[in-house]
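Keep in mind that what you see is a predicted model, and the values were worked out from it rather than measured.
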Amino acid sequence: MLDQIHWLAAVTVLGVLEQAYFFLQVIYARRLFGISPPKISGPPEFERIFRAQVNSSEYFPIFLALLWQAGLFFHQGLAAALGLLYLCARYCYFMGYKASSSERLTPMYFSAGVLWILTAVSTLGILHFFLSHYAGLNILQLLTA
């Protein structure tokens with residue numbers, strides 16, 4: 001079974017490490033700008049780093065759910081590749097937002113697009129499972145015929 005999920009697990013660990021990096025960036029920015037918790041406002045440089053981290057954290061559970069659904073119900077390799085694209089886009093989003101709020105836009109749209117693709121692949125895989133398991137229909141075979 002592990003050979004069916006090892007890429008998903010690896011991308012998950014990379015995602016957790018990326019989130020940890022974002023958290024550490026906020027801690028560093030708090031020290032740099034002298035902003036103690038629970039304050040969340042300060043110079044624009046701090047606020048951009050803080051918002052980039054919070055925004056990334058808000059989407060992380062959605063990403064994980066879609067990554068695993070797409071990998072388990074459709075194709076592990078495709079899901080892992082899309083997961084790596086998503087993590088790269090989120091890193092670019094974070095670094096862009098850290099520099100300027102306008103530089104976050106392109107990576108934000110790209111990462112949202114990857115999530116939509118993961119959603120479509122997950123939906124297709126789950127639909128295929130239910131139809132083949134309960135109705136005896138193989139929609140993937142029908143689509144390629």
Side-chain angles (χ1 to χ4, degrees), residues 1-33 35 37-40 44-145:
M1 176 173 148
L2 292 179
D3 60 329
Q4 297 172 358
I5 61 170
H6 63 283
W7 290 115
L8 301 174
V11 172
T12 299
V13 169
L14 286 174
V16 169
L17 291 173
E18 182 177 69
Q19 290 295 308
Y21 172 76
F22 296 160
F23 293 141
L24 291 173
Q25 290 297 300
V26 172
I27 291 169
Y28 175 75
R30 283 188 179 282
R31 290 179 182 158
L32 181 66
F33 296 108
I35 301 170
K39 283 182 64 177
I40 58 171
E45 297 84 358
F46 169 77
E47 290 182 4
R48 287 195 310 268
I49 293 168
F50 181 79
R51 286 303 316 155
Q53 182 270 317
V54 170
N55 291 349
S56 295
S57 294
E58 290 170 348
Y59 280 90
F60 194 62
I62 296 167
F63 162 69
L64 286 179
L66 292 172
L67 172 74
W68 280 85
Q69 289 172 6
L72 294 175
F73 287 97
F74 194 83
H75 191 275
Q76 177 189 201
L78 176 64
L82 289 168
L84 289 175
L85 276 175
Y86 177 81
L87 294 177
C88 181
R90 285 318 272 193
Y91 178 79
C92 292
Y93 167 84
F94 186 91
M95 299 311 284
Y97 208 168
K98 185 177 176 180
S100 163
S101 61
S102 63
E103 290 191 39
R104 79 190 195 288
L105 296 175
T106 299
M108 179 183 73
Y109 295 137
F110 186 80
S111 65
V114 173
L115 285 181
W116 280 111
I117 294 168
L118 280 170
T119 300
V121 170
S122 297
T123 302
L124 184 60
I126 293 168
L127 182 62
H128 168 70
F129 173 80
F130 279 118
L131 289 176
S132 65
H133 191 74
Y134 294 108
L137 296 173
N138 187 339
I139 60 170
L140 296 179
Q141 194 173 43
L142 293 173
L143 291 174
T144 59

Taking [X] for the side chain and [Y] for the main chain, is one N or O donor matched with an acceptor at less than 3.5 Å?
X    : Y   : value
R30  : I40 : no
R104 : G96 : no
S122 : L66 : yes
S56  : Q53 : no
Q76  : H6  : yes

Spatial distance of atom [atom1] ([X]) from atom [atom2] ([Y]) [nearest 0.5 Å]:
X    : Y    : atom1 : atom2 : answer
W7   : L84  : CH2   : CG    : 8.5 Å
I62  : L67  : CD1   : CG    : 13.5 Å
Y59  : Q19  : OH    : CD    : 13.0 Å
Y86  : F110 : OH    : CZ    : 12.0 Å
L118 : L64  : CG    : CG    : 11.0 Å
L124 : L131 : CG    : CG    : 10.0 Å

Does [X] [atom1] have over 12 foreign heavy atoms under 6.0 Å away?
X    : atom1 : value
F23  : CZ    : yes
Y28  : OH    : no
F129 : CZ    : yes

- Item | Minimum side-chain heavy-atom gap R48-S101 below 4.5 Å |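 In short, these two side chains touch, coming nearer than 4.5 Å.
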
- Message: Could you check whether any side-chain heavy atom of I126 comes within less than 4.5 Å of a side-chain heavy atom of F74, counting everything from C-beta outward?
- Response: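 Of all side-chain heavy-atom pairs linking F74 with I126, none is under 4.5 Å.
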
- Taking only residues two or more places apart in sequence, or in another chain, which ones meet R51 in a side chain to side chain donor-acceptor pair (under 3.5 Å)?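 For R51 the side chain to side chain donor-acceptor pair (under 3.5 Å) partners, ignoring immediate neighbours, are N55.
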
- Query: Between E58 and P61, which heavy-atom pair has the shortest distance, and what is it?
  - Reply: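 Smallest interatomic distance, heavy atoms only, reads O-CD, 3.6 Å.
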
- Minimum-distance pair of heavy atoms, taken over all atoms of S111 and A89: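 For S111 and A89, the tightest heavy-atom pair comes out as CB-CB, 3.7 Å.
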
- Just jot down the side-chain contact (heavy atoms from CB on, under 4.5 Å) partners of Y21, sequence neighbours excluded, or say none.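 For Y21 the side-chain contact (heavy atoms from CB on, under 4.5 Å) partners, ignoring immediate neighbours, are Q25, Y91, M95.
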
Show me, pair by pair, the donor-acceptor contacts under 3.5 angstrom made by side chains of residues 10-18, not counting sequence neighbours?
residue	atom	partner	partner atom	Å
T12	OG1	L8	O	2.8
T12	OG1	W68	NE1	2.8

- Task: For the pair Y97 and Y93, name the ring-plane relationship: parallel under 30°, tilted 30 to 60°, perpendicular over 60°.
- Result: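 Perpendicular.
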
- Message: Students often mix this up, so state it plainly: with edges at 30° and 60°, are the rings of F94 and F22 parallel, tilted or perpendicular?
- Response: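 Judged by the thresholds at 30° and 60°, the geometry between F94 and F22 is parallel.
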
- Mind running side chain to side chain contact (heavy atoms under 4.5 Å, CB included) on E45 and F33 for me, showing each step along the way? CA-CA 9 Å; E45 297 84 358; F33 296 108; 3.6 Å; yes

